[in-house]
Each structure stands twice: as structure tokens, then as C-alpha cells.
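Counting convention: from 1, in listed order, for ligands and their atoms alike.
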Amino acid sequence: MSNRDQLEQWDREHLWHPFTPMQEYAALRPLIITRGDGSLLYDLDGNAYIDGTSSMWCNVHGHRVPELDEALRQQIDRVSHSTILGLANVPAIELARKLVEVAPKGLTRVFYSDDGATAVEVALKMAFQYWHQRSDPKPRKTRYLALHGAYHGDTLGDVSVGDIGRFHDLFKPLLFQTLRAPSPHCYRCPLGLERRTCEIACVGELERLVEQHADELVAVVMEPIVQCAAGMITAPDGYLRRVRDITRKHGVLLILDEVAVGFGRTGTLFACEQEAVSPDFLCIAKGLTGGYLPLAATLTTDEIYSAFLGRAEEGRTFFHGHTYTGNPLGCAVSLASLELLQSRTLPELAPKIERLKDHADRLRELPHVGDVRQRGLLLGIELTLAGAAKRVCREARERGVLIRPLRDVVVVMPPLAIEDSLLERLMEVVYNSIRDLESKA
Ligand SMILES: Cc1ncc(COP(=O)(O)O)c(C=O)c1O
């Protein structure tokens with residue numbers, strides 16, 4: 001049996017893939033990646049694919065980036081892991097310092113974890129505990145408000161604030177209840193209004209809920225600027241600023257989940273910068289390590305942090321942590337990634353965003369394209385034909401491009417450092433795969 005046949009067999013027999021209908025998967029020939037280079041991934045046969053999902057929205061500078069590889073090598077020669085429960089390590093300290101330097105004002109404390117899900121879970125728990133431990137405690141605050149269509153990860157706290165039926169409904173008996181405000185979804189306005197004249201009425205509904213439930217609300221939780229897994233829903237300008245003002249006015253904390261939109265994805269280092277918003281909690285993961293290793297962080301303010309201080313016997317400690325929290329390899333590669341983002345990848349991003357805009361305009365003219373939503377180097381193409389997004393992604397793969405659908409939306413999220421020629425090829429394949437839907441119907 002060849003090496004390839006053996007791997008295919010073991011994959012089929014043993015590997016359970018996330019978010020993957022396994023019966024369907026097992027019936028098809030698996031695509032097994034062996035290496036990467038820049039924005040390309042290569043399979044066992046040496047075929048090249050453009051990484052149009054940034055390996056699940058996390059890759060920033062491409063694969064096998066010399067600066068990141070070198071940072072890892074250097075750290076491996078020192079130590080690969082040492083706990084930060086009651087101890088510290090050098091890269092964890094340096095990265096915390098760097099994150100505070102680049103994060104929105106007021107976020108001065110960094111709590112590490114491993115993934116986007118844990119970054120949000122930490123924020124949910126910290127915010128809850130904060131209200132209990134303030135000098136004037138508010139123990140009635142036990143609820144959260146999130147948006148329709150929300151996705152914040154797959155642990156049960158995150159699923160409770162989430163709202164994607166096919167992912168979350170089954171687990172309802174296990175979840176806490178969350179208040180739900182309308183998504184700022186201009187293409188399918190939940191209030192049936194037109195963007196030109198609506199004056200962002202959906203935020204009025206959020207304010208009504210916050211005002212009515214302020215006594216029991218711990219926090220409002222949302223993704224700023226783009227609700228990604230909800231279908232790349234782009235909020236109108238000014239929406240986020242108004243949410244920040246509303247939460248402040250009514251004494252409710254604001255948790256911003258930048259797991260998907262952080263680290264340059266929407267054109268600025270953090271999406272919330274675009275509306276000069278500083279949240280009470282900022283959750284980051286995915287692009288934090290440039291897409292190399294699982295590392296996450298929840299940033300918060302001195303005000304929150306100080307409610308956790310006191311003698312150990314007072315029981316104000318935050319009893320939450322993960323074994324690999326503050327992992328030195330993850331922190332070292334994050335430091336190198338942030339440096340590269342600031343010195344090269346972000347400064348070179350604007351022309352790529354413009355290029356993508358031209359492609360977005362072209363896509364709008366195709367039949368079966370209902371809406372095209374773009375922020376930075378992130379594109380959602382909503383198709384009007386049921387099941388078509390999946391077909392388009394399958395077709396694109398045949399043509400050497402890896403992309404994934406979100407229901408009726410084709411998502412394009414290449415590494416921020418994608419070369420111009422590869423961005424052109426990627427978008428050509430996406431365009432042709434949608435155009436050819438007709439002929440292959
Ligand atoms: C907005 C958002 N939050 C949280 C998560 C969960 O992150 P992870 O998959 O790293 O747990 C995701 C994952 O896609 C996400 O898009």
C-alpha cells in the first residue's frame with residue numbers, strides 16, 4: 001500500500017473532523033496537506049492550492065514565514081513550555097506588554113488562554129465575577145445580551161451567547177438564556193427598513209433591551225464591524241460607536257470578540273479602532289500568532305482587574321486557567337508576527353483591499369449573486385440559489401482554490417500578505433466558479 005493510500009485509510013478510519021459531515025467526507029477522496037509556502041498549500045501529490053480561508057481565518061503573513069520560523073526556533077532552543085500559573089516566562093511577559101501597547105486605550109491587563117472559544121469564555125466569566133466583587137456588588141447581574149446569528153465559539157458558555165440554529169439549538173437544555181438584539185444586517189434588515197433612511201434603527205432595539213434589563217445584564221457581547229460566522233454581516237458605520245455609548249450609559253460591560261476580525265483583517269489592527277471604541281474586554285486569538293499556534297488572550301481594564309485583588313482568603317481570585325496558558329512558543333511567534341504586521345503586512349494591505357473591492361464590484365454583476373459584503377481583506381458573497389455556495393467551493397477546489405461556504409455565503413479570507421498575482425488568481429477562480437453555476441446546474 002502506498003504512503004498516500006495508507007494515510008487516506010487512517011484518515012477515514014480514525015480522524016474525526018470538526019464541522020464536517022463525516023459520512024459525506026468519508027465518501028470523497030480526502031485532500032491531505034503536506035506543506036505550505038506563502039499563500040499556497042500543497043497536497044500529497046504536490047498540487048498547489050491557494051489558501052483562501054487563511055487556514056480557518058487565522059493565517060496573516062502566509063505559511064513558512066522566515067521571521068516567524070526563526071522566532072520559533074530561537075524559543076525552542078530556550079524552552080517550549082513552562083506554566084504561568086504562579087510563575088512567568090519571558091515571551092508571555094513581553095507579549096502582554098506589546099499587546100497593551102497596540103490595543104485600544106484602557107486595556108491594560110492580559111489574560112492568556114488557547115483559542116477563540118476560551119478567550120470569550122474567559123471574558124464571560126470574568127465579567128460575571130467582576131459584578132459580584134465590586135465595592136458595590138451587583139449580584140443580580142446574571143444575563144448577557146448578544147446578537148441574532150452570533151457565533152463566539154463552541155464551549156457551552158460561548159454556545160449560550162451564540163445563535164446559529166444548526167450549530168447550537170440541540171444544546172439548548174444545557175445552556176443559559178441570552179437576550180437577543182437584532183443583527184445589523186442591512187441586506188436582510190430585521191426591521192424591514194432601508195439603509196439610506198433607517199438611521200440604524202436596529203441599535204435602537206438593542207438600546208431598548210439594554211435599558212429594560214440593565215439591572216440584570218452582565219455584558220453585551222458582539223463581534224465589532226463584521227459578524228463573521230453569521231454570514232459576513234457588515235455593520236453600518238456608526239453602529240459600534242452607538243453600542244459602546246449605550247452600554248456605558250446603562251452600566252453594562254462591553255465584550256468585543258475580535259477573534260476573527262482582529263489583526264488587520266478589516267484593514268486596521270483591531271476592528272474596533274475604526275470607530276474609536278475601547279471595550280471592557282477584548283477577545284483575541286486566531287491571527288494573534290500569525291496563524292502558527294493556538295494562543296488567545298482576553299484583554300481588560302484596571303477597573304475590572306482591581307475587583308479581583310485582595311488577600312487569598314477573601315476568595316477574589318479568578319479560578320480559571322488552561323495548561324498551556326501563556327505558552328512560550330505561542331507568545332514568541334506572536335511577538336514576531338505583531339512586529340511583521342506593523343512593519344510590513346499592514347502597511348502593504350491598502351492596495352490589496354482596493355483590488356478586492358474591484359473584484360467585489362465585478363461579482364455583483366453575476367446572476368445568482370444577491371449581495372457582496374466586504375471589509376478589509378474579508379469578503380462574503382451571498383448567493384440566491386440554495387446549496388450553490390457549497391457547489392461553488394467544491395468547484396473552486398477543483399480549480400486549485402480552498403474556500404468554505406457559510407450556508408448561502410461564499411467566504412473569501414486569504415492571508416493578508418497574499419501576493420497580488422495569487423489574489424488575482426483566487427478571485428478569478430471564485431468569479432468563474434460562480435459564473436459557471438448556470439452551466440453546471
Ligand atoms: C468570532 C469568533 N469567535 C470565536 C471563535 C472561536 O474560535 P476558536 O475556533 O479558536 O475556538 C470563532 C471561530 O471561528 C469566531 O469566528
Hits for salt bridge (Lys or Arg N to Asp or Glu O under 4.0 Å) against Arg373, two or more places apart or cross-chain, chain-then-number order -> Asp371, Glu382
Using a strict cut-off of less than 4.0 Å between a Lys/Arg side-chain nitrogen and an Asp/Glu carboxylate oxygen, indicate whether Lys352 and Glu419 qualify as a salt bridge.
no
Check this for me - ligand 1, Ala117, N or O atoms closer than 3.5 angstrom, yes or no? yes
Looking at ligand 1, does any of its N/O atoms fall within less than 3.5 Å of an N/O of Gly116?
yes
By salt bridge (Lys or Arg N to Asp or Glu O under 4.0 Å), Glu205 pairs with (sequence neighbours left out) Arg208
Atom 3 (N) of ligand 1: closest protein heavy atom, distance to 0.1 Å, is Asp257 OD2, 2.6 Å
Report yes or no: do Thr345 and His61 form a side-chain donor-acceptor pair below 3.5 Å?
-> yes
Taking Asp361 first and then Arg364, would you say they form a salt bridge - that is, a charged N and a carboxylate O separated by under 4.0 Å?
yes
among protein heavy atoms, the one nearest atom 5 (C) of ligand 1 is Val259 CG1, 3.7 Å
Of all protein heavy atoms, the one nearest atom 12 (C) of ligand 1 is Tyr151 CE2, 3.5 Å
key: Min N/O separation Glu223 to ligand 1 under 3.5 Å   = no
A student checking ligand 1 against Ala260 at a 4.0 Å heavy-atom cut-off should list atoms 16 (O)
With a 4.0 Å cut-off on N to O distance, would you call Asp169 and Lys172 a salt bridge? yes
message: Would Lys286 count as a polar contact of ligand 1, with the cut-off being nitrogen or oxygen pairs under 3.5 Å?
response: yes
